[in-house]
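What follows is a set of notes on a single structure, which appears directly below.
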Amino acid sequence: MNPETVNLETVAPETEVLEALAVVVPAHDEEALLPAALAAVRTATLHPALRRLRVLTVVVADHCRDNTAFLAREAGATVVTGSFRNPGQARAVGVRRALRELGPSASHAWIATTDADSEVPADWLAHQLARAREGWEAVVGTVMLPPRSPLADRLRTRYEATRPSDGEWYHPHVHGANLGVTAHAYLSVGGFPRSG
């Protein structure tokens, strides 16, 4: 993951005091890659910048026919199972569960999302929280798949074929695989859409 960020022009009027952090990971038949993804999330949650925060990881096992849910529980994640067949809906369900589990501290929570086939860097959450403490309500970035991902070669070829050769590059897509947002901002825009 690339920690490049975009300050969405909806900066909170005052810097929010964060009490909790939730990481939501939708997963569909990801038993091969999920353990590494959750290990990377765990490393990111141990960063000293998160020391005083309550941290919760929620994995949404979406229409899984493998050991995804079992492996997530073994890694210490809260697991939600369902058959949404939709990453946006799975993320929405995961965020709802996280906010419910966080209870009163949910109103002062930061929500980060990644994918089950991604490995976040050790400073991923610390970087997002630093921006939140500056008053940002959302942080977005790009994603790099690990080399062993079954999609890596195919997506790299497709990406290179569409990238302009003149060096100018506009990246219009924001994916949930590298997104962080305050709970307040998330709820104020209605959360993740049911599609996408």
Side-chain angles (χ1 to χ4, degrees), residues 1-27 34 36-60 72 75-78 87-88 90-103 105-146 171-193 196:
M1 297 207 161
N2 185 337
E4 292 175 17
T5 57
V6 176
N7 187 350
L8 303 181
E9 295 173 12
T10 55
V11 175
E14 297 177 15
T15 302
E16 184 171 3
V17 175
L18 297 173
E19 297 175 4
L21 182 140
V23 179
V24 177
V25 184
L34 182 65
L38 291 179
V41 167
R42 172 99 173 122
T43 297
T45 66
L46 296 175
H47 193 284
L50 280 65
R51 195 170 320 152
R52 292 184 179 87
L53 294 179
R54 179 176 175 198
V55 179
L56 174 68
T57 300
V58 177
V59 173
V60 182
T78 296
R91 282 185 214 286
V93 168
V95 172
R96 248 190 333 269
R97 174 65 177 270
L99 294 178
R100 190 169 68 240
E101 281 203 26
L102 290 174
S105 59
S107 60
H108 298 285
W110 184 263
I111 302 162
T113 65
T114 187
D115 282 348
D117 61 358
S118 297
E119 294 176 31
V120 300
D123 65 347
W124 179 61
L125 294 170
H127 175 79
Q128 291 188 22
L129 292 179
R131 303 297 74 76
R133 289 174 177 136
E134 293 170 356
W136 294 29
E137 289 188 293
V139 178
V140 297
T142 56
V143 174
M144 292 175 55
L145 291 174
H171 190 281
H173 308 291
V174 175
H175 298 282
N178 191 357
L179 172 69
V181 63
T182 64
H184 171 75
Y186 176 84
L187 294 171
S188 70
V189 299
F192 286 106

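Not measured: the values here are computed from a predicted model. For this chain, numbers begin at 1 and follow the sequence in order.
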Worksheet item: Do Asp115 and Arg91 touch side chain to side chain, with heavy atoms closer than 4.5 Å?
Response: yes
Worksheet item: Just wondering, do His108 and Leu53 contact through their side chains at under 4.5 Å, heavy atoms?
Response: no
Tell me the closest heavy-atom pair linking [X] and [Y], and the distance in Å.
X	Y	answer
Ala72	Leu38	CA-CD1, 3.8 Å
Ala106	Leu99	CB-O, 3.4 Å
Arg131	Val139	CB-CG2, 3.7 Å
Ala132	Trp110	CB-CZ3, 3.4 Å
Val58	Ala98	CG2-CB, 3.9 Å
Ile111	Ala183	CD1-CA, 3.8 Å

Residues two or more places apart in sequence or in another chain: which of them pass side-chain contact (heavy atoms from CB on, under 4.5 Å) with [X]?
X	answer
Ala122	Thr43
Ala116	Val25, Ala27, Glu30, Leu34
Ala44	Val120, Leu125

Between [atom1] on residue [X] and [atom2] on residue [Y], distance to nearest 0.5 Å:
X	Y	atom1	atom2	answer
Leu102	Leu56	CG	CG	5.5 Å
Asp123	Gln128	CG	CD	10.0 Å
Leu179	Tyr186	CG	OH	9.5 Å
Thr114	Trp124	OG1	CH2	5.0 Å
Thr78	Arg100	OG1	CZ	10.0 Å

Item to complete: Would you please name every residue forming a salt bridge (Lys or Arg N to Asp or Glu O under 4.0 Å) with Arg97, sequence neighbours left out?
Response: Glu101
Worksheet entry | Partners passing salt bridge (Lys or Arg N to Asp or Glu O under 4.0 Å) against Glu19 (at least two apart in sequence or in another chain) | none
